[in-house]
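These notes are about the structure you will find just below.
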Amino acid sequence: MDTLIFGGLLAAMVALFQQRSRRVVVGAWWVLLLAAVLLLAHHITSSLGLGLSY
């Protein structure tokens, strides 16, 4: 999932350098921000489950 977010950021940067419309670039940033927030919420609420028992 992290790789997809970084790939999306790269695609948004490419769209910015290719001078796409502002709506496309800002829309891509919002989608990526939402994906990052959802990923963060998933990581915070999931257990690590490392299986260590000392």
Side-chain angles (χ1 to χ4, degrees):
M1 184 69 175
D2 296 334
T3 306
L4 295 175
I5 291 174
F6 283 116
L9 286 171
L10 178 64
M13 186 180 69
V14 168
L16 181 68
F17 285 128
Q18 289 180 350
Q19 297 181 351
R20 301 283 182 184
S21 71
R22 182 176 293 173
R23 185 177 297 173
V24 170
V25 175
V26 172
W29 278 103
W30 277 109
V31 168
L32 292 165
L33 178 65
L34 178 66
V37 167
L38 290 174
L39 180 66
L40 181 65
H42 171 71
H43 282 304
I44 289 175
T45 58
S46 66
S47 64
L48 291 177
L50 297 175
L52 301 175
S53 57
Y54 291 105

For residues 10-18, run the donor-acceptor check on the side chains, cut-off 3.5 Å, and write out each pair with its distance to 0.1 Å, sequence neighbours left out.
{"from": "Gln18", "atom 1": "OE1", "to": "Arg20", "atom 2": "NE", "distance (Å)": "3.3"}
{"from": "Gln18", "atom 1": "OE1", "to": "Arg20", "atom 2": "NH2", "distance (Å)": "3.0"}

Result block: side-chain N/O donor-acceptor pairs under 3.5 angstrom for residues 32-41, not counting sequence neighbours:
none

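- Under the 4.5 Å side-chain criterion, counting only non-hydrogen atoms from C-beta, Phe6 is in contact with Leu9.
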